[in-house]
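What follows is a single structure, written as structure tokens, with notes after it.
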Amino acid sequence: QVKLVESGGGLVQPGGSLRLSCAASASTLDIYAIGWFRQAPGKEREGVLCINVSDGITYYADSVKGRFTASRANAKNTVYLQLNSLRPEDTAVYYCATDPWGGCRTDDFTYWGQGTQVTVSS
């Protein structure tokens, strides 16, 4: 069982930045892609981005492209999500999830973390 722990969330003003981390109990050699998702109260969960940890290729949702970036630290079994130019509509619980196949297909994510809260408010 892969265990995932997200951290780095908090309260930030509009236009501010946060860096989220996702730490996995398994070696990233056995995790081919990690996706970030978010869910706001009363709304459906949506995909934010997905990074293939083997080649670094990242897929971004249109709503975050140019503002959010992903990076990896494979030796530490950790990936990061840099959130810039935050907007109130970015407020949500952010989750990371593992894809053992690396294709970043929605149905391929197997293990999920518990999430970290990001609140954007003045």
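Just so it is clear, the structure is predicted and the values come from calculations on it, not from any experiment.
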Legend entry - Sequence neighbours excluded, every pair satisfying side chain to side chain donor-acceptor pair (under 3.5 Å) that has a member inside residues 113-122: Gln117-Thr119
Legend entry - Donor-acceptor contact present, side-chain Thr91 to main-chain Val120, <3.5 Å: yes
Legend entry - Nearest-0.5 Å distance, CG of residue Leu83 to CG of residue Asp90: 7.5 Å
Inset, instruction - Kindly give the cluster partners of Val93, where membership spreads through any ILVMFWY side chain lying under 4.5 Å from a current member. - result: Phe37, Tyr95, Phe109, Trp112
Legend entry - Donor-acceptor under 3.5 Å (Glu6 side chain, Cys96 main chain): yes
Legend entry - Non-hydrogen side-chain atoms of Cys50 and Trp36 separated by less than 4.5 Å: no
Inset, instruction - Mind listing the closest non-hydrogen atom pair of Gly56 and Ile51 along with its distance? - result: O-CG1, 4.1 Å
Legend entry - Shortest non-hydrogen contact from Ser25 toward Asn77: O-ND2, 4.4 Å
Legend entry - Taking every non-hydrogen atom, the tightest pair across Val2 and Ala24: CG1-CB, 4.5 Å
Legend entry - Nearest heavy-atom neighbours spanning Tyr60 and Ala70: OH-N, 3.6 Å
Inset, instruction - Without swapping roles, check the side chain of Arg72 against the backbone of Val53 for a donor-acceptor pair under 3.5 Å. - result: yes
Legend entry - Non-hydrogen atoms of Val118 and Gly9 that approach each other most closely: CG2-CA, 4.2 Å
Legend entry - Between OH on residue Tyr59 and SG on residue Cys104, distance to nearest 0.5 Å: 6.0 Å
Legend entry - Whether Asn84 side chain and Ser17 backbone form a donor-acceptor pair below 3.5 Å: no
Legend entry - Donor-acceptor contact present, side-chain Arg67 to main-chain Ser63, <3.5 Å: yes
Legend entry - Distance (rounded to the nearest 0.5 Å) between Ile34 CD1 and Leu81 CG: 11.5 Å
Inset, instruction - Please name the pair of heavy atoms, one in Ala40 and one in Ala92, separated by the smallest distance, quoted to 0.1 Å. - result: N-CB, 3.8 Å
Inset, instruction - Compute both the distance and the angle, then confirm whether Arg38 meets the cation-pi test with Tyr94: under 6.0 Å from the six-membered ring centre, within 45 degrees of the axis. - result: no
Inset, instruction - Could you tell me the separation between the OH atom of Tyr111 and the CG atom of Asp99, rounded to the nearest 0.5 Å? - result: 12.5 Å
